[in-house]
Colleague: 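Please read through the structure below; I'll follow up with questions.
Read the numbers this way: they start at 1 and go in the same order the structure lists the ligands and their atoms.
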Amino acid sequence: MSNEQHYDAKDIQVLGGLEAIRKRPGMYIGTTDVKGLHHLVWEIVDNSIDEALAGYCQNIEVIINKDNSITVKDDGRGIPVENHPKTGISTVETVYTILHAGGKFGGGGYKVSGGLHGVGAAVVNALSKWVEVTVYKDEKVHFIRFENGGKTKKPLSIIGECEEKRTGTSVTFKPDPEIFVTDVYDYDTLMVRIRELAFLNKGLSLTIRDDRDEEDTTGETFLYEGGIKEYVNFINQNKTPVHNDVIHFEGMEDNVFLEIAMQYNTTYNENTYSFVNNINTHDGGTHEEGVKRALTRVINSYARKANILKEKDESLIGDDVKEGLTMIISCKHPNPQFEGQTKGRLGNSEVRRLSDSIFAKGFERFLLENPEEAKAIIGKAILACRARNAAKKAREITRKSDLSLGNTFGKLNDCKSKDPKECEIFLVEGDSAGGSAKMGRDSNTQAILPLRGKILNVEKARLDKALSNEEIRTIITAFGTGIGEEFDINKLRYDKIIIMTDADVDGSHIRVLLLTLFYRFFRPLVEKGHIYAAQPPLYKIKHGKTEKYVLNDEEFDEYMKTLNPNIKPIISRMKGLGEMNPDDLYETTMDINKRVLKKITVPDCVAADAIFEKLMGDEVEPRRKFIEENAIYTKNIDA
Ligand code: 1YM
């Protein structure tokens with residue numbers, strides 16, 4: 001997408017045709033799958049958000065219509081309707097049909113648009129079956145419709161009158177099914193981002209309504225007067241805070257505005273989310289670096305002065321002061337430079353100093369004025385530091401035991417190949433299933449690790465404790481990556497890590513414990529798509545001479561329809577992996593040509609964190625129910 005951002009007015013002619021966008025949609029919206037489909041909504045919503053950031057818009061509404069078209073409405077000034085001096089056609093039509101450079105039309109201020117700089121409207125138009133734009137302005141209702149990839153049906157015209165105080169823009173578009181792989185919108189995907197936009201823009205009201213759902217008559221409205229402070233409260237809602245109130249700082253310099261909200265909780269996980277102009281900077285950048293540098297420095301300096309850290313004590317490091325920290329950093333920048341492959345990192349170097357100084361000033365003052373809270377926060381960081389040192393020792397022991405006792409490699413039935421790209425490891429529940437898997441496997445590329453004991457719930461344990469769990473130590477050694485500070489994904493010995501558990505509640509429980517372990521301590525393995533769940537069959541159907549395994553009830557019904565009714569089938573429901581003979585287990589669940597694997601993905605970190613909390617927290621009933629009802633984070637792939 002990089003070059004597209006730098007065109008300016010003289011290029012209008014060249015880029016004028018929306019045909020270019022239709023030819024290479026990926027260049028403009030990344031993908032034409034479900035992600036690209038949703039991207040269209042954000043392109044339009046961004047224009048409303050820009051209008052809100054400029055101070056003219058208080059309400060934004062998103063409606064999923066019955067036909068999966070989308071309506072976005074705002075109460076801003078309305079897109080200008082007069083003829084545009086360069087194009088000679090109305091500005092509305094210009095904005096929707098000419099792929100112009102950003103900032104050309106609107107002036108100054110913070111623009112939401114991360115990569116596209118306001119070319120979004122034309123992109124949406126190019127990729128839609130039809131688009132209708134209604135502008136309420138100057139006591140009149142102006143209307144224009146485009147069809148088949150942005151062709152103007154009829155120029156902008158006045159179709160009615162409205163009250164003087166009524167201003168705003170309403171846009172409805174229907175994505176072109178010839179462009180997109182799917183045309184069905186997902187309510188939750190839209191809702192989560194809309195809620196996030198509400199947290200990030202305090203005082204702005206955002207509503208989402210699903211008109212495909214008969215029961216949804218009012219929609220959900222998100223409006224947070226407390227902004228990102230409320231976001232921290234939301235993330236921490238099921239956690240125990242270390243101090244009562246969310247801490248909040250803000251400051252501005254050279255038109256760069258920075259806001260930080262934070263609160264420590266008693267978990268061991270860090271949850272930092274940073275944003276620049278409402279865009280999630282997944283890979284951090286200078287705004288995050290400045291804040292974190294200051295956080296470590298200010299805590300150490302206060303702890304020394306207050307004599308909580310004694311002279312002989314070692315200083316706390318970043319990992320210590322981030323344990324249990326929930327933090328939102330929101331930066332508004334007139335000229336952000338996004339770096340990295342996914343443009344998820346803020347590059348502007350001046351922001352590092354700015355965010356350091358805004359955070360340091362505010363946090364120093366907070367600690368001085370709140371000695372009780374300061375003590376609780378620092379006390380937690382000191383415990384984290386001790387645990388870190390204990391974990392280091394435990395790791396050393398683990399390493400030694402690998403070499404001398406061959407503990408892990410005694411349990412592990414490794415594969416012959418040493419080329420990680422073709423190797424996979426099955427983590428198998430129980431010894432009997434482990435035995436079948438071992439006998440049935442392709443020993444060239446498939447390793448088997450039977451899990452005997454219970455895996456520790458790491459949601460409630462620090463690294464040092466996790467390392468004292470035998471099963472976890474075995475897993476770490478088998479993977480080869482190390483853990484914590486030493487983790488190195490390049491040392492991973494298997495491309496696929498496949499969890500193979502029974503299709504019952506115990507099996508689900510073990511699966512969730514493993515996923516928690518991977519999510520908390522081996523997150524890159526999840527993010528890079530190395531974790532899978534095997535799908536053992538649910539039924540075996542014997543019909544005359546043929547035997548067939550089916551995965552689920554739908555497949556069962558489908559298959560039963562195809563059978564000759566004169567021969568009675570013998571149906572057995574599979575109880576556990578252990579009951580299958582090695583050949584059947586291989587054929588149904590392990591054979592790369594026949595099996596169905598589920599890839600484990602983490603679509604949204606805020607949601608994932610909340611779900612692990614729910615799954616691994618103290619309340620038992622909701623957890624059991626959730627596990628039974630959901631295959632979490634899984635999506636079907638054909639291996
Ligand atoms: C549902 C989508 O597009 N709202 C919207 C867009 C614009 C304005 C107001 C606007 C901007 C400016 C001046 C300005 C846009 N205007 C333009 C352009 N909602 C939606 N609301 N007056 C109105 O930036 O100066 C592009 S978007 F270029 F015509 F000014």
Colleague: Could you tell me whether some N/O pair between Asp74 and ligand 1 is separated by less than 3.5 angstrom?
Modeller: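 Checking ligand 1 against Asp74, an N or O pair does fall under 3.5 Å apart.
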Colleague: Which one of Ile49, Asp74, Leu53 satisfies the side-chain contact (heavy atoms from CB on, under 4.5 Å) criterion with Leu204?
Modeller: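 Output: one option passes, namely Ile49.
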Colleague: Does some side-chain heavy atom of Ile600 sit less than 4.5 Å from a side-chain heavy atom of Tyr519?
Modeller: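 Tyr519 does not reach Ile600 side chain to side chain.
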Colleague: Considering only heavy atoms of Val72, which atoms of ligand 1 have at least one such atom less than 4.0 Å away?
Modeller: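 Within the 4.0 Å cut-off of Val72, ligand 1 contributes 1 (C).
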Colleague: Which ligand 1 atoms does Thr91 reach within 4.0 Å, using its non-hydrogen atoms?
Modeller: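 Reading through ligand 1 atom by atom, the close ones are 29 (F).
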Colleague: Please determine if Glu459 and Arg520 form a salt bridge, counting it only when a charged side-chain N lies under 4.0 Å from a carboxylate O.
Modeller: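 Salt bridge flag = yes for Arg520 with Glu459.
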Colleague: Say you draw a straight line from CG of Leu127 to CD of Glu178; how long is it, rounded to the nearest 0.5 Å?
Modeller: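 It is 12.0 Å, given to the nearest 0.5 Å.
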Colleague: How about Lys174 and Asn68: does a side-chain donor come under 3.5 Å of a side-chain acceptor?
Modeller: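 Side chains of Lys174 and Asn68: no pair found under 3.5 Å.
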Colleague: Nearest non-hydrogen contact with atom 23 (C) of ligand 1 belongs to which option: Gly78, Gly120, Ala52?
Modeller: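 It is Gly78 that holds the nearest heavy atom.
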Colleague: Is there a polar contact between ligand 1 and Lys73, counting only N or O atoms under 3.5 Å apart?
Modeller: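 No - when backbone and side-chain N and O of Lys73 are compared with those of ligand 1, no distance drops under 3.5 Å.
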Colleague: Under 4.0 Å from a heavy atom of Ile44: give me the atoms of ligand 1 that qualify, with their elements.
Modeller: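 Heavy-atom distances to Ile44 below 4.0 Å select 1 (C), 2 (C).
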Colleague: What atoms in ligand 1 come closer than 4.0 Å to a heavy atom of Ser48?
Modeller: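 So the answer, numbered in order with elements, is 1 (C), 2 (C), 19 (N).
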Colleague: Distance check, rounded to the nearest 0.5 Å: Thr286 atom OG1 versus Arg353 atom CZ?
Modeller: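 So the OG1 of Thr286 and the CZ of Arg353 are separated by 11.5 Å.
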Colleague: Run the side chain to side chain contact (heavy atoms under 4.5 Å, CB included) test on Thr281 and Lys343 for me, step by step, so that the C-alpha distance in whole Å, both residues' side-chain angles and the decisive distance to 0.1 Å come before the verdict.
Modeller: CA-CA 8 Å; Thr281 33; Lys343 302 266 172 243; over 6 Å; no
Colleague: For atom 5 (C) of ligand 1, tell me which residue out of Thr169, Val95, Val171 has the closest non-hydrogen atom.
Modeller: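 Selected option, by shortest heavy-atom distance: Thr169.
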Colleague: Give the atoms of ligand 1, by number and element, whose distance to some non-hydrogen atom of Asn47 is under 4.0 Å.
Modeller: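 Result: 3 (O), 20 (C).
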